[in-house]
Amino acid sequence: MLSISIIDGHHQAQSRNTKNGIRYFQEAYAHLGGAFPQQIEIPLRNPADAKPIGEYTLDVSTFQVGRFKNLELNPFELRLKPAETPRAASKAS
């Protein structure tokens, strides 16, 4: 499962002016299996949507089927859900 980390200092929304208005985003890190995580930007509808510090995975609703029947990420809505910690998973068993 793809793991996404939001660390201290990146838990607040940021904004950027574009020709279409203000764009809000939050910086995070995607763990893609390499030696180092990759910095990414998560689009936000408004600053209040920023996620707190923690570990996340992508929600299944983030995926969509493209025009050519390819599976792709919706680039305008990357929905995150809290990752299950090993302790929480063992309690559920």
For the backbone of R79 and the side chain of T62, can you confirm whether one donor and one acceptor N or O come within less than 3.5 Å of each other?
yes
Just jot down the side chain to side chain donor-acceptor pair (under 3.5 Å) partners of [X], sequence neighbours excluded, or say none.
{"X": "T18", "answer": "none"}
{"X": "D49", "answer": "none"}
{"X": "R67", "answer": "none"}
{"X": "S5", "answer": "H31, E55"}

Listed by chain and number, what are the side chain to side chain contact (heavy atoms under 4.5 Å, CB included) partners of [X], not counting sequence neighbours?
{"X": "Q64", "value": "E72, N74, P75"}
{"X": "A50", "value": "A13, Q26, L44"}
{"X": "I53", "value": "D8, H11"}
{"X": "P43", "value": "L78"}

Could you go through I4 and L80, starting from their C-alpha distance and side-chain angles, then the distance that decides it, and tell me whether this counts as side-chain contact (heavy atoms from CB on, under 4.5 Å)?
CA-CA 8 Å; I4 296 176; L80 301 179; 3.7 Å; yes
Measure the spacing between CG of L73 and CG of L71 and express it to the nearest 0.5 Å.
7.5 Å
Can you pull out every ring pair (Phe, Tyr, Trp, His ring centres under 6.0 Å) where at least one residue sits in residues 55-78? Sequence neighbours excluded, please.
none
Apart from I7 itself, which Ile, Leu, Val, Met, Phe, Trp or Tyr residues share its cluster (side-chain heavy atoms under 4.5 Å, direct or through members)?
Y29
What side-chain hydrogen bond (donor to acceptor under 3.5 Å, both in side chains) pairs are there with at least one residue in residues 34-46, not counting sequence neighbours?
R16-E41, R23-E41, E27-Q39, R45-E77
So, do L2 and L32 sit near enough that their side-chain heavy atoms are less than 4.5 Å apart?
yes
Non-hydrogen atoms of P47 and Y24 that approach each other most closely
CG-CE2, 3.5 Å
